[in-house]
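Scope of the values below: all heavy atoms of this structure, side chains included, with no hydrogens, waters or symmetry mates. Numbers here are sequence positions counted from 1. Note that the structure is a prediction, hence the values are computed from the model and not measured. Note that ligands are numbered from 1 as they come in the structure, with each ligand's atoms numbered from 1 the same way.
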Amino acid sequence: MSRAFKYVILGGGVAAGYAALEFVRRRGDATAGELCIISEEAVAPYERPALSKGYLLPEGGARLPAFHTCAGASDQLLTEDWYKEHGIELMLGTKVVSADVRRKTLLTSSGEVISYTTLIVATGAQVLKLEEFGGSGSDAENVCYLRNIVDADKLVRVMRSCPGGNAIVIGGGYIGMECAAALVANKIKVTIVFPGKHCMGRLFTPKLAEFYENYYTSKGVTFIKGTAVSSLEISSGKVTTAILRDGRCLPADMVVVGIGARANTALFEGQLAMDKGGIRVNGQMQASDASVYAVGDVATFPVKLFGGEARRFEHVDCARRAARHAVAAALEPSGATGDIDYLPFFYSRVFALSWRFYGDNAGEAVHFGDLGFSAASSSPKFGAFWVNKGRVAGAFLEGGSPEEYEAIAHAVRRGKAVPDVAQLAREGVAFVLRE
Ligand code: FDA
Ligand code: NAD
């Protein structure tokens with residue numbers, strides 16, 4: 001069987017949902033019958049960040065349909081009915097197994113051939129498995145990864161099966177830190193193990209990391225740094241012990257693995273130009289074949305703010321904005337849309353803490369505020385600016401107000417000059433609030 005659509009979005013995650021809304025906003029009823037979304041997942045696009053936060057709450061957790069896209073941007077909630085009402089073909093539970101860019105066709109797992117005039121690739125990323133690093137045990141009943149709602153359901157089930165038990169969290173990045181906080185909220189004892197010197201190694205400075213590690217420690221979390229889990233002992237299908245490289249044995253009722261992600265580019269290897277682990281696109285999010293656009297985790301695009309340097313981001317704000325931009329560009333192929341001008345923005349929320357980061361963590365890190373953790377302080381406020389060639393290149397702020405976040409974003413966006421680093425450290429956010 002084969003079907004043809006003018007526009008096909010491959011992938012049904014964050015970027016797909018935001019792209020669909022943008023299509024409808026720009027094309028209105030004309031979208032009907034033109035657009036098809038193909039997703040391996042069984043549910044309509046949803047806000048993935050909810051999976052490591054609200055979804056894992058011990059009581060009253062977030063559940064679909066409440067966090068379908070585009071709830072995360074306080075925009076319309078796109079349930080399956082919404083796609084139907086707008087004549088958008090939502091092919092759920094359907095994996096694309098091969099793509100032919102020259103012929104403009106996709107082959108699905110059910111043997112259907114879908115042809116397109118314009119394709120938007122939004123296949124996101126997949127978790128790295130322990131096996132890729134020489135480990136084993138991923139299939140055990142109580143080993144959890146977290147990428148999609150099926151994973152999140154398993155994590156909830158496993159957490160609930162071992163109240164008061166021991167969890168080993170492998171990896172001290174976003175998944176490790178956010179899941180550790182959720183496990184604590186579920187009254188599970190947590191040990192985080194990772195090879196780096198401090199948590200969130202890709203973003204945090206050692207000083208920033210120290211605050212969060214002390215905060216987690218005050219909640220009962222144990223950090224084991226500078227080593228790795230070398231093997232997992234399994235009995236009756238379940239992990240019972242994690243054995244560390246240094247020989248230590250940790251009892252485990254469950255394991256959560258968050259050791260990074262890889263962009264889902266495999267369908268297009270050898271057919272589209274690749275860069276930095278993603279599909280290389282131009283400022284219109286258009287790939288090396290002009291009928292293909294790529295957005296979200298899978299796209300490596302030029303960042304004007306960084307002098308046009310190509311970057312790939314694995315964060316939700318990027319997926320949303322790139323998706324909207326690609327749709328605008330695809331509907332106006334004359335180039336009238338202009339090139340994307342993206343200000344990188346990442347955030348996280350754990351326990352009662354909440355931080356935002358804008359820009360690039362390149363250059364000298366200048367810390368401000370009270371970075372010393374105190375159990376007595378209920379609303380810590382501190383951060384760091386990265387100063388590169390005398391200008392603000394990046395900014396991190398914990399506990400800011402909306403105005404303060406806006407001010408640091410603005411300072412990064414316009415590369416505010418920093419004549420005196422000591423003054424920046426002394427004044428912190430006040431330095432950028434005073435315009
Ligand atoms: P996304 O992964 O959302 O969607 C990809 C879709 O493509 C999936 O539906 C997948 O099944 C489908 N697909 C892939 N291959 C396919 C194939 N061959 N055939 C059919 N379908 C296919 N970011 C942030 O800034 N703040 C945060 O708090 C968080 N929190 C967070 C929590 C968790 C648990 C995760 C996993 C990730 C985050 N992120 C985040 C990152 C953020 O969610 C991520 O950057 C976006 O989801 C990327 O959106 P995409 O649409 O590119 O991929
Ligand atoms: P990550 O890259 O943030 O962290 C990986 C961690 O695993 C690091 O601490 C690293 O030192 C460690 N590690 C690497 N190899 C290891 C090994 N062999 N053994 C033990 N530890 C190892 O990746 P992640 O936390 O898995 O996140 C996956 C994806 O989800 C990323 O795309 C991330 O951006 C996204 N995500 C983002 C957010 C957010 O933005 N708030 C939240 C959750 C997930």
Side-chain angles (χ1 to χ4, degrees), residues 9-19 37-53 55-56 69 72 91-99 106-109 120-130 132-135 145-152 155 169-179 182 192-204 225 227-230 245 256-267 278 294-299 312-320 322-323 344-350 355-357:
I9 300 173
L10 169 50
V14 171
Y18 282 77
I37 298 177
I38 312 175
S39 175
E40 199 178 350
E41 294 192 74
V43 294
Y46 56 87
E47 303 284 358
R48 209 161 293 283
L51 298 183
S52 54
K53 304 174 189 67
Y55 207 84
L56 303 181
T69 55
M91 294 176 69
L92 297 177
T94 306
K95 183 174 177 155
V96 168
V97 292
S98 69
L106 304 171
L107 175 66
T108 72
S109 45
I120 298 183
V121 183
T123 44
Q126 59 185 290
V127 297
L128 297 180
K129 296 267 177 124
L130 290 170
E132 301 187 45
F133 297 92
Y145 289 84
L146 186 54
R147 183 71 207 179
N148 56 39
I149 209 147
V150 175
D151 299 335
L155 181 48
V169 173
I170 305 180
Y174 288 96
I175 291 286
M177 295 301 277
E178 292 185 5
C179 287
I192 306 187
V193 185
F194 54 87
K197 287 202 177 98
H198 62 75
C199 70
M200 296 288 293
R202 287 194 293 150
L203 179 64
F204 287 5
K225 303 185 276 186
T227 188
V229 171
S230 62
R245 230 185 255 153
V256 178
V257 187
I259 55 175
R262 172 188 303 115
N264 290 320
T265 57
L267 291 170
V295 292
D297 285 6
V298 83
R312 192 173 67 78
F313 301 99
E314 294 176 353
H315 293 279
V316 73
D317 177 67
C318 178
R320 293 170 180 161
F345 162 46
F346 323 151
Y347 71 89
S348 184
R349 289 189 298 272
V350 287
W355 60 256
R356 287 180 173 216
F357 168 83

Quiz item: Yes or no on side chain to side chain contact (heavy atoms under 4.5 Å, CB included) for Val43 and Leu92, after CA distance, side-chain angles and deciding distance?
Solution: CA-CA 6 Å; Val43 294; Leu92 297 177; 5.5 Å; no
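Closest to atom 11 (O) of ligand 2 among all protein heavy atoms lies Pro195 CD, 4.0 Å. The nearest heavy-atom contact from the protein to atom 36 (C) of ligand 1 is Leu146 O, 3.7 Å. Scanning the protein heavy atoms around atom 31 (C) of ligand 2, the nearest turns out to be Glu314 OE1, 3.2 Å. Looking from atom 4 (O) of ligand 2 to the surrounding protein, the closest heavy atom is Gly173 CA, 3.3 Å. Among protein heavy atoms, atom 1 (P) of ligand 2 sits closest to Arg202 NH2, 3.6 Å. Looking from atom 14 (C) of ligand 2 to the surrounding protein, the closest heavy atom is Ile259 O, 3.9 Å.
Using bins of under 30°, 30° to 60° and over 60° for the plane-to-plane angle, the ring pair His315/Tyr174 lands in the perpendicular bin. Between Trp355 and Phe204, the ring planes lie perpendicular to each other; the angle is over 60°, past the 30° to 60° tilted range.
Contact annotation: for His315 versus ligand 2, heavy atoms closer than 4.0 Å belong to the side chain alone.
When the heavy-atom distances from atom 39 (N) of ligand 1 to Ala261, Pro49, Gly296, Ser348 are ranked, the shortest goes to Pro49. For atom 21 (N) of ligand 1, the choice among Arg147, Glu41, Glu40 with the nearest heavy atom turns out to be Glu40. Comparing Val316, Leu106, Val127 by heavy-atom distance to atom 24 (C) of ligand 1, the nearest is Val316. Heavy-atom proximity to atom 7 (O) of ligand 1, evaluated over Ala323, Ala266, Gly11, is greatest for Gly11. In this comparison of Ile170, Ile175, Val350, the heavy atom closest to atom 28 (C) of ligand 2 sits on Ile175. Nearest to atom 27 (C) of ligand 1 by heavy atom, out of Lys53, Glu314, His315, is Lys53. The closest non-hydrogen atom to atom 33 (C) of ligand 2, taken over Tyr174, Tyr347, Tyr145, comes from Tyr174.
Close approach of ligand 2 to Glu178 (heavy-atom distance below 4.0 Å) involves ligand atoms 39 (C), 41 (N), 42 (C), 43 (C). Ligand 2 places these atoms under 4.0 Å from at least one heavy atom of Gly258: 5 (C), 6 (C), 7 (O), 25 (O), 26 (O). Of all atoms in ligand 1, numbered sequentially from 1 with element shown, those under 4.0 Å from a heavy atom of Ile175 are 34 (C). Every atom of ligand 1 is numbered from 1 in the order shown, and the set under 4.0 Å from a heavy atom of Thr123 is 5 (C), 7 (O), 14 (C), 15 (N), 16 (C).
Proximity of Leu267 to ligand 1 is established by a heavy-atom distance of less than 4.0 Å.
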